[in-house]
Amino acid sequence: MIVVAALAVLLPFLGAVGGLLGPRSVRWAAWVAVVPAAVSAVLAAWLAIGRARVSGTLTLIETGSLPISVGLDVTELSALTGVLATVVALAVQVYSVGYMRYERRYRSYSAFISLFTSAMLLVVYAADLIVLYVGWEIMGLCSYLLIGHWWEDRANSRAAVKAFLVTRLGDVGFLFGIFVLGFGAGSFRIDDIITRFPEMSPATLTVGTLLLLAGVAGKSAQAPLHTWLPDAMAGPTPISALIHAATMVAAGIFVVARLFPVFAAAPGTLTVLGAMAALGMLGAALAALAQDDLKRVLAYSTISQLAIMAGALAARDADAAIFHLLTHGAFKALLFLCAGLVIHRVATNLMSGMGGLRRVMPITFATMTVGFAALMGLPPASGFFSKDAALAAMGEAARGGVLNTIFYGTALLTVAVTGAYATRAWLRTFFGPPAVTADDHHTGEGPATMLWPVVVLAVPALLLGFAVLTPPHLGTAVLSVALSLLGAGVVYAVWRRDRVRDPARLLGPLRVPFERAFYVDTVYSTLFVRPVWALARLVVRTDDTVVDGAVRGSGRTAQGMSGLLRFAQNGNAQVYVSGLLAGLLVIVIGAVVLG
Amino acid sequence: MNEAPSYLSPTGHEIVFLLLGVVAVGAALLVVTTRQVVHAALWLVVCLGALAGCYLVLTAEFVAWVQVLIYVGAVVVLLLFGIMLTRAPIGRSADLNSGNRVVAAVVALATAVVLVTVVADGFRHAYVDLSPAGPVKQGTAEAVGAAVFRYWVLPFEALSVLLLAALIGAIVLSRTDIRGR
Amino acid sequence: MAEVLDLVLRLVLILAVFLVLPLIVGQTEHKVMAHMQSRLGPMYAGGFHGWAQLIADGVKFMQKEDVVPAAADRRIFSIAPAVALVPYLVVLAVIPIGPGLVGTDLNVGLFFVLAVMGVGVLGSIMAGWSSGNKFSVLGGMRSAAQLVSYELPLVLAASSVAMAAGTLSLPGIVEAWEWWWLPWQAIGLAVFFIAGLAELRRPPFDMPIAESEIIMGPMTEYTGIRFALFLLAEYAGIVVLSALTTVLFLGGWQGPLLPGPVWTLIKVFALAFVVIWVRVSYPRLREDQLQKLAWLGLVPLALLQLAITGVVKVALA
Amino acid sequence: MHILYPVVVSVLLFSIGIYGVLARRNTILVLMSVELMLNAVNLNLIAFNVWLEDRLLGGQVLSLFVIVIAAAELGVGLAIVLAVFRNRRTVDLDRLRDLSEPEPEHEGRGDGAAAKEGVGR
């Protein structure tokens, strides 16, 4: 069985290699991208259905102190996440064939997606933290490459660099967290760490998990390292789907869940996680409410939803978190792909440029409605069940302390705001008067390769909740649905009054801060970017004046010294004779004195 | 070489010689320090004249007049000729001394100190009686002529060849209608 | 004491001679030239044929303003006339007028004379350069060139006589002189006299002065007493040249009937007359002709004379 | 007479000559300084000739030879100086540096002038 897991990881990797090094044909690239993804999806599904824990170690790398075991370990959690990753990746690959067909760099694009998938699977199946870290970093690289796919536009390349640097900032903490835990447990194997954490001191645990949390916050776009995610919308829409649903952001939550026993043993870390989650879920939801860019709405919603998962984790319910991760992966991928269809149709990201698409794009409308319903947590969509589980967990935890109560309240508030912004996006996109006259290029729906993944993804988005078969907690379920509908109702009431204008106007003066996501970017820019720039300038100046000065100075000194030497060869006969006579004089004096 | 008398009771010869020597050294100093090229040449005349006087005191009569004839009459005239051909200006020239001046002064001073020390050490007691009653009377034209043509004929002839060579060399160097190669 | 008195007496006598003889030569030049050019010359000063003309000239020169040009090198400008004049004065001190009638009898008298006369040209170069005037510099340079060129035949011709006499002492030469030396040393006589004329820059060898070309050359800027000194130096030069030629080639005081000094004076004035005569008779030589005459004419002739002297000397011995 | 006097005068003249040779920029002045040094030697020769009562008169004869050689040296030296002046328009020793590596500004001028003369002739 371990061979299956290894194949699932390797196949997309080989696909990437084949796509990059293979023939320069779009057809070949498409096949080499789609087929391994499909096979991987099948293999991952097989692993998940088998439900048996599979593990195997390929080799042991002796490093002198702690050996690194290169191996895979498929737990139940890994198997499920692997299915999510491969399915979404497959959907994205198929969708991309239609979406990116006429793209000049389709080959490298699809190859990077394959590599991305492979790296995510490596993270998911890794048996060792170092191996996990390898996949983690490859994902960072791929996200950089894919977000910056249209690098000709300066803003895109900046967004890519931003994503790379912000996640890298977290990764530093992540790496040191790995070291702390690894040295604390005496092994980098995840199993060993989980079994040996009681031997570690609470301080080691807290420090290690907090450092890991930094990496998680970076990858899963949690406050305060969330700022890269909205900007990552610069990449192609399928990439957004991939990043938001299946790979990057899922990886952070997955790692916490995978190491959950360790985290559970560090209550301080969980509190920090809860605070981060509370801050992130409400802030991102409010920001989403004010955005005009459809993709940015979805991006902030991702932050918000991930924060809910993190909140569930902080409430010590890893299952609820993973459940929500799965459903969220399904419906968020669906939403992004639908958004891609819409954008493909109207050729703009802005909702002010949309409207009235309900009739033009019925399939898209239907599927996206499912997605929004899942996002709002309305039954019977999958989101209802998972969010209910998460809320229930948080509600359970709220009895334990004031802080947890505040977190729970925040989560409930978030549910209401989620209903509001989902409704707003839905209404602004599909209802109201058409903002654009019919586009000649794209009539009707998108191409089949784009539609089919959407339709296929709509099924789990709608039905995944039943698969897990956890009975809903009645109290929280009713409360959350009521809150969600309340938010939706307010937005609908405002929208009814004027169908052209943005319902976000009810935010009044708060709208601008919300739209700018509470100026976090500006604050970062003043707090970090500018000082760093100043420091860089100082370094450059130091390099110019001190280092270069030393180099130039040594050159000048050498010149001066050689000038001294050259003085003996300057062609002035008088100088020569002076030297000659002086030397003669010295000899004479010597002879007189010594003789 | 009998016992040398004291330095504190100079003879007439010594007084004359010292006066001439002071003139010669002073004029020589002016030769190397004056800022006017022509003045340097004229101070050189004074210096060489004083030296001729010294030779006379030292009984080298013939050499003294040869000195005047050749140096003052020919060499200095040639020098002045050269100075005028190289457009020496009237008045001071600022650039007669090169940048090497300090080094030169140090070297020259050191030379003077060393040599004076050495000769003072070596010839403190050397004395020669120049009074008419003394033994020395050998600088006459007859004596010099006899010496040149009796003992120094070969160097004399070699010198003649040298002079011829110098003559031809100077002519070749000076003529502008002889092209090199 | 007697020695000192003797020396002082001799020096005073020489000074007197030195002052008188050039004046007489100068007056002679005036009158001879005038008569050769069919005119009278000075007639009024002093009454008789203008005999006091040169004294009057001297008075006039002394009264004139002494001008030193602004561009001149003042010190050298002032010294130059003295440098030009003094050597001739010194030379006179060793020229014998009669047997025993000599300032000092130097062992190397001939050499002394030649050496000191060479210094005289310095005065002319100094004057030329220090005047700060391009004509003067040109004149000075021509002087230098001429001196260097004619020094050689002069010395060679003189040494021929010294060879013949076997001594460098001037009285010794006169005593050794015999009448047949006249043909024997004829070439030397001509060479010496011509070269001497050139050394004095007398016409026809007055290229360095050439008033019509470079306006008196080195003397252009001189006025008053300084100019007078130059004139005096020129006439003194004539006297010295004539006297030297007399002593070296014409037997000095030797002659029948008349006392020695008279013979000397007669010969000197005869030669001085020749100098004036040549001046009036010949046109000025061009610079290149000047050099050609020296190097292609006089030097070979002087060498020939040396050879003849040597051969005869050996034959007689 | 103490031999020390002429010898010391000679040493002083020689040192002054050294200074002149080393410090003077004008080539003709350097030649003059060389003459000073030669005369210092001559003074020495004569002084020792007298002191040693040399039967061969070596000192005086050699000083005569030195004078003659000095004259010859000066003749050739001045010819060289004048040739340099014709070609370079200067007799400053500081600027006559063909002993060093050739530098562009030092070349050309004299050659050019000579070439022009050649053409003119």
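Residue numbers start from 1 in every chain, and the chains themselves are labelled A, B, ... in the order their sequence lines are given, proteins ahead of strands.
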Peer 1: So which atom in B:Thr34 and which in D:Arg24 form the shortest heavy-atom distance, rounded to 0.1 Å?
Peer 2: O-NH2, 2.7 Å
Peer 1: Spell out, as yes or no, whether a donor-acceptor pair under 3.5 Å connects the side chain of B:Glu14 to the backbone of D:His2.
Peer 2: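 Checking the backbone N and O of D:His2 against the side chain of B:Glu14, a donor-acceptor pair under 3.5 Å is found.
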Peer 1: For the candidates D:Ile16, D:Leu12, D:Val21, D:Leu64, which exhibits the highest count of non-hydrogen atom pairs separated by less than 4.5 Å from chain B?
Peer 2: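 Of the candidates given, the most pairs with chain B belong to D:Ile16.
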Peer 1: Could you have a look at B:Val76, B:Leu29, B:Leu20 and say which one has the most heavy-atom pairs with chain D under 4.5 angstrom?
Peer 2: B:Leu29
Peer 1: Could you tell me which non-hydrogen atom of D:Val76 sits nearest to which non-hydrogen atom of B:Ala166, and how far apart they are?
Peer 2: CG2-O, 3.5 Å
Peer 1: Between D:Val11, D:Leu36, D:Val8, D:Val9, which is the residue that forms a side chain to side chain contact (heavy atoms under 4.5 Å, CB included) with B:Val25?
Peer 2: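 That would be D:Val9.
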Peer 1: List the steps, then state whether side chain to side chain contact (heavy atoms under 4.5 Å, CB included) holds for D:Ile67 with B:Val63.
Peer 2: CA-CA 9 Å; D:Ile67 291 172; B:Val63 179; 4.2 Å; yes
Peer 1: Enter the distance from B:Leu48:CG to D:Asn39:CG here, rounded to the nearest 0.5 Å.
Peer 2: 5.0 Å
Peer 1: Is there a side-chain contact between D:Leu13 and B:Leu51 (heavy atoms, below 4.5 Å)?
Peer 2: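 Answer yes - side chains close enough.
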Peer 1: Sort B:Leu78 into side chain, backbone, both or neither according to what part of it lies under 4.5 angstrom from a heavy atom of chain D.
Peer 2: both
Peer 1: For chain D, which candidate among B:Thr33, B:Val107, B:Val148, B:Val57 shows the most heavy-atom pairs at distances under 4.5 Å?
Peer 2: B:Thr33
Peer 1: Shortest non-hydrogen contact from D:Leu57 to B:Ala147?
Peer 2: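 Scanning both residues, the minimum pair turns out to be CB-CB, 3.8 Å.
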Peer 1: When only pairs under 4.5 Å are counted, which of B:Leu167, B:Val66, B:Thr111, B:Leu79 shares the most heavy-atom pairs with chain D?
Peer 2: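 Among the listed options, the one with the most contacts to chain D is B:Leu79.
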Peer 1: Please classify the contact of B:Ala41 with chain D as side chain, backbone, both or neither, using a heavy-atom distance under 4.5 Å.
Peer 2: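 Both the backbone and the side chain of B:Ala41 come within 4.5 Å of chain D.
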Peer 1: Among D:Ala79, D:Gly17, D:Gly75, which has the most heavy-atom pairs under 4.5 Å with chain B?
Peer 2: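 Among the listed options, the one with the most contacts to chain B is D:Ala79.
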Peer 1: May I ask you to name which of B:Cys54, B:Ala24, B:Gly169, B:Ala105 has the most heavy-atom pairs under 4.5 Å with chain D?
Peer 2: B:Ala105
Peer 1: What part of B:Leu18 gets closer than 4.5 Å to chain D, counting heavy atoms only: side chain, backbone, both or neither?
Peer 2: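 For B:Leu18, the side chain is the part near chain D, not the backbone.
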Peer 1: Quick check: closest heavy atoms across B:Tyr71 and D:Ala70, and the distance to 0.1 Å?
Peer 2: OH-CB, 3.2 Å
Peer 1: Could you tell me which non-hydrogen atom of B:Leu44 sits nearest to which non-hydrogen atom of D:Met32, and how far apart they are?
Peer 2: CD2-CG, 3.9 Å
Peer 1: On a heavy-atom basis, which atom in B:Gly82 and which in D:Leu82 lie closest, and how many Å separate them?
Peer 2: O-CD2, 4.3 Å
Peer 1: Verify side chain to side chain contact (heavy atoms under 4.5 Å, CB included) between B:Thr59 and D:Val50, making sure each step is shown before the conclusion.
Peer 2: CA-CA 8 Å; B:Thr59 72; D:Val50 170; 3.9 Å; yes
Peer 1: Could you give the distance from CG (D:Asn49) to OH (B:Tyr55), rounded to the nearest 0.5 Å?
Peer 2: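 Rounded to the nearest 0.5 Å, the CG-OH separation comes out at 12.0 Å.
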Peer 1: Could you check which of D:Asn42, D:Leu31, D:Leu43, D:Val30 has the highest count of heavy-atom pairs closer than 4.5 Å to chain B?
Peer 2: D:Leu43
Peer 1: Quick check for you: to the nearest 0.5 Å, what is the distance between B:Ile15 atom CD1 and D:Tyr5 atom OH?
Peer 2: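 Answer for the CD1-OH pair, B:Ile15 versus D:Tyr5, is 9.5 Å.
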Peer 1: Under a 4.5 Å heavy-atom cutoff, which of B:Tyr151, B:Trp152, B:Phe62 has the most pairs with chain D?
Peer 2: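 Ranked by heavy-atom pairs under 4.5 Å with chain D, first place is B:Trp152.
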Peer 1: Which residue out of B:Pro155, B:Ala110, B:Ala165 racks up the most heavy-atom pairs below 4.5 Å with chain D?
Peer 2: B:Pro155
Peer 1: Checking heavy atoms, do the side chain of D:Leu38, its backbone, both or neither come under 4.5 Å from chain B?
Peer 2: side chain
Peer 1: To the nearest 0.5 Å, how far apart are CD in D:Gln60 and CG in B:Leu58?
Peer 2: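 Separation between the atoms: 9.0 Å.
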